There are 2 protein chains.
Amino acid sequence: MSLPSTQLSASLEDYLEAIYILSRSGKAARSKDIAEHLQVARSSVTGALRLLADKRMVHYKPYGYITLTDHGRQLAGRIVGRHNVLDAFFCEVLGIEPDTAQEAACLAEHAIGSQIAGRLRLYLEFLDARKQAGCDVSSAFRDYCRRAEDG
Amino acid sequence: MSLPSTQLSASLEDYLEAIYILSRSGKAARSKDIAEHLQVARSSVTGALRLLADKRMVHYKPYGYITLTDHGRQLAGRIVGRHNVLDAFFCEVLGIEPDTAQEAACLAEHAIGSQIAGRLRLYLEFLDARKQAGCDVSSAFRDYCRRAEDG
DNA sequence: TAAGATAATTAGCTGTCCCTAACTTTGCAA
DNA sequence: TTGCAAAGTTAGGGACAGCTAATTATCTTA
């Protein structure tokens, strides 16, 4: 049984995200660029694009340009948002190294829904507000980590 | 190409986790129990058990008892630990409803590594220590949420 | 202990997601 | 303008992960 047309698998979310990012940072995303970005074979991209087109997420004609539909752009934006808030939380709050944080964010972005993403965003905002008010929780946590981990 | 024998797919991690949980809360896990716990067909369990046996995670003979190897138990414990720390963070810190938190933890447990899990555990510990010291960050965040979300 | 119920496995299928190799299309440059 | 290189697609195949239906094994109980 296939997914409801509005729901994407983690893999298709990755393709959508890649197209979104490539479109932002330059011109139209080509199949080859997507393949490089995701480190998959070009033929895998063709298959994914067909599925995304079925789900009305991209405008796709063989050998043509690839662009996002309004719907696709909206969803891609949400996915990138989830990615970014996770990455920020891992780095800024937990003090995880950028590469590890990035990698985990890539995977976890498919696991959390809008509710958790929203709350996490709010949490970062909240910590920031406290910091402005002179209470830097995150840096206190760094100290706590040093004491706990290094000894 | 198959996964290195020490690495499990998210799906196989779920099976391993189920066996671990069932083994704890009662007697030996039967195939049927695993199927019910994960809401899959019994035949799917048979297939998964074969793969887990290949990877030396479970002791498995057709029609026999299913038990975890030392290695499998160790890994399962880590997975359950990741699940629990995520669930606790979502519930206690972000104030997410238990069902939503549980569901997200189920998915995200396959996304974060031991480093992030460890830090998250430490973070919860840290917040608790602060709370003992009279600074309840989480409850302050609840207030912040109410103001931000309800208005 | 033999039959029926329950549990487990096998066989065969579907769909996803990736790969390589071969082929087609497109675009650029001599 | 033709011919080659780059880009894209198609064909075919493998691993994974699930399903149903049919079969086999085990257990229980009359």
Side-chain angles (χ1 to χ4, degrees), chain A residues 1-19 22-23 26-67 79 106-107 109-111, chain B residues 1-19 22-23 26-68 75 79 106-107 109-111:
Chain A
M1 182 146 57
S2 93
L3 257 26
S5 63
T6 50
Q7 294 247 34
L8 301 186
S9 65
S11 170
L12 289 185
E13 283 193 358
D14 282 335
Y15 282 98
L16 200 66
E17 196 182 3
I19 297 166
L22 290 168
S23 304
K27 42 260 127 196
R30 287 175 309 166
S31 191
K32 187 203 179 227
D33 301 324
I34 300 168
E36 265 166 26
H37 188 266
L38 294 177
Q39 292 282 283
V40 296
R42 291 197 305 278
S43 61
S44 303
V45 176
T46 302
L49 288 175
R50 251 201 297 266
L51 293 174
L52 286 173
D54 281 352
K55 294 169 192 295
R56 312 287 145 144
M57 295 291 173
V58 300
H59 295 297
Y60 169 67
K61 288 241 165 174
Y63 300 104
Y65 289 110
I66 299 152
T67 53
I79 297 165
C106 268
L107 296 173
E109 72 193 12
H110 309 295
Chain B
M1 183 145 58
S2 96
L3 256 26
S5 62
T6 50
Q7 293 248 36
L8 300 187
S9 65
S11 170
L12 289 186
E13 283 192 0
D14 282 335
Y15 281 97
L16 200 65
E17 195 182 4
I19 297 166
L22 291 168
S23 304
K27 41 261 128 194
R30 288 174 308 167
S31 190
K32 186 200 179 230
D33 302 323
I34 299 168
E36 265 166 26
H37 188 266
L38 294 177
Q39 293 283 283
V40 297
R42 291 198 304 279
S43 61
S44 303
V45 177
T46 302
L49 288 175
R50 252 201 297 266
L51 292 175
L52 287 173
D54 282 353
K55 294 170 192 294
R56 311 288 144 142
M57 294 292 172
V58 300
H59 296 297
Y60 169 67
K61 289 240 166 175
Y63 300 103
Y65 289 109
I66 299 152
T67 52
L68 294 170
L75 179 52
I79 297 166
C106 269
L107 297 173
E109 72 192 13
H110 309 295

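Chain letters run A, B, ... following the sequence lines, proteins first, then strands; residues in each count from 1. Predicted model only: the values in this text are computed from it and were never measured.
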* Show your working on side chain to side chain contact (heavy atoms under 4.5 Å, CB included) between Tyr60(A) and Asp54(A) and close with a plain yes or no. => CA-CA 9 Å; Tyr60(A) 169 67; Asp54(A) 281 352; over 6 Å; no
* Counting side-chain heavy atoms from C-beta on, which of dA17(D), dC17(C), dG18(D) comes nearest to Leu12(A)? -> dC17(C)
Throw together a table of side-chain donor-acceptor distances under 3.5 angstrom for residues 34-43 of chain A, partners on residues two or more places apart or in other chains.
from     : atom 1 : to       : atom 2 : distance (Å)
Glu36(A) : OE2    : Lys32(A) : NZ     : 3.4
Gln39(A) : NE2    : Glu36(A) : O      : 3.2

* Structure fact -> Here the distance between atom C1' of dG8(D) and atom OH of Tyr65(A), to the nearest Å, is 14 Å
* Could you state the OH-C1' distance from Tyr15(B) to dC16(D), rounded to the nearest angstrom? -> 11 Å
* Structure fact -> From CZ of Arg50(A) across to C1' of dA11(D) the rounded distance in Å is 11 Å
* Please state how far atom NZ in Lys61(B) lies from atom C1' in dT26(D), giving the value in whole angstrom units. => 17 Å
* Asked: Can you name the nearest heavy-atom pair linking Leu22(B) to Ala29(B), along with the distance?
  -> CB-CB, 3.8 Å
* To do: Take the protein atom NZ of Lys32(A) and the nucleotide atom P of dT26(C), then report the distance between them rounded to whole Å.
  => 19 Å
* Asked: Using rotation axes that map the C1' atoms of four end pairs onto the next four (five pairs an end), what angle separates the end axes of the helix from dT1(C)-dA30(D) to dA30(C)-dT1(D), to 10°?
  -> 10°
* **Minimal non-hydrogen separation, Glu13(B) against Glu109(B), with atom names** => OE1-O, 4.4 Å
* Sub-4.0 Å heavy-atom contacts from residues 36-49 of chain B onto DNA chain D, ordered by number -> Gln39(B), Val40(B), Ala41(B), Ser43(B), Ser44(B)
* Structure fact -> Ile66(B) atom CD1 is separated from dT26(D) atom C1', nearest whole Å, by 14 Å
* State which residues pass salt bridge (Lys or Arg N to Asp or Glu O under 4.0 Å) with Asp14(A); sequence neighbours excluded, sorted by chain then number. => none
* To do: Look at the side-chain N and O atoms of Tyr60(B) and state whether any lies under 4.0 Å from the OP1 or OP2 oxygen of dA8(C).
  => no
* Of all the nucleotides listed (dT9(C), dC17(C), dT9(D)), which has the minimum atom distance to the side chain of Pro62(A)? -> dT9(D)
* To do: Could you tell me which non-hydrogen atom of Ile66(B) sits nearest to which non-hydrogen atom of Arg30(B), and how far apart they are?
  => CD1-C, 4.2 Å
* Set of side-chain contact (heavy atoms from CB on, under 4.5 Å) partners for Leu12(B), sequence neighbours left out -> Leu8(B), Ser9(B), Tyr15(B), Ala48(B), Leu51(B), Leu52(B), Lys55(B)
* Considering all heavy atoms, the nearest Leu107(A)-Ala111(B) contact -> CB-CB, 3.5 Å
* To do: Please identify each residue that fulfils side-chain contact (heavy atoms from CB on, under 4.5 Å) with Ala10(A), with sequence neighbours left out.
  => His110(A)
* Rounded to the nearest angstrom, tell me the gap between atom CZ in Arg30(B) and atom P in dA7(C). => 6 Å
* Spacing between Leu51(A) atom CG and dG15(C) atom P, to the nearest angstrom -> 12 Å
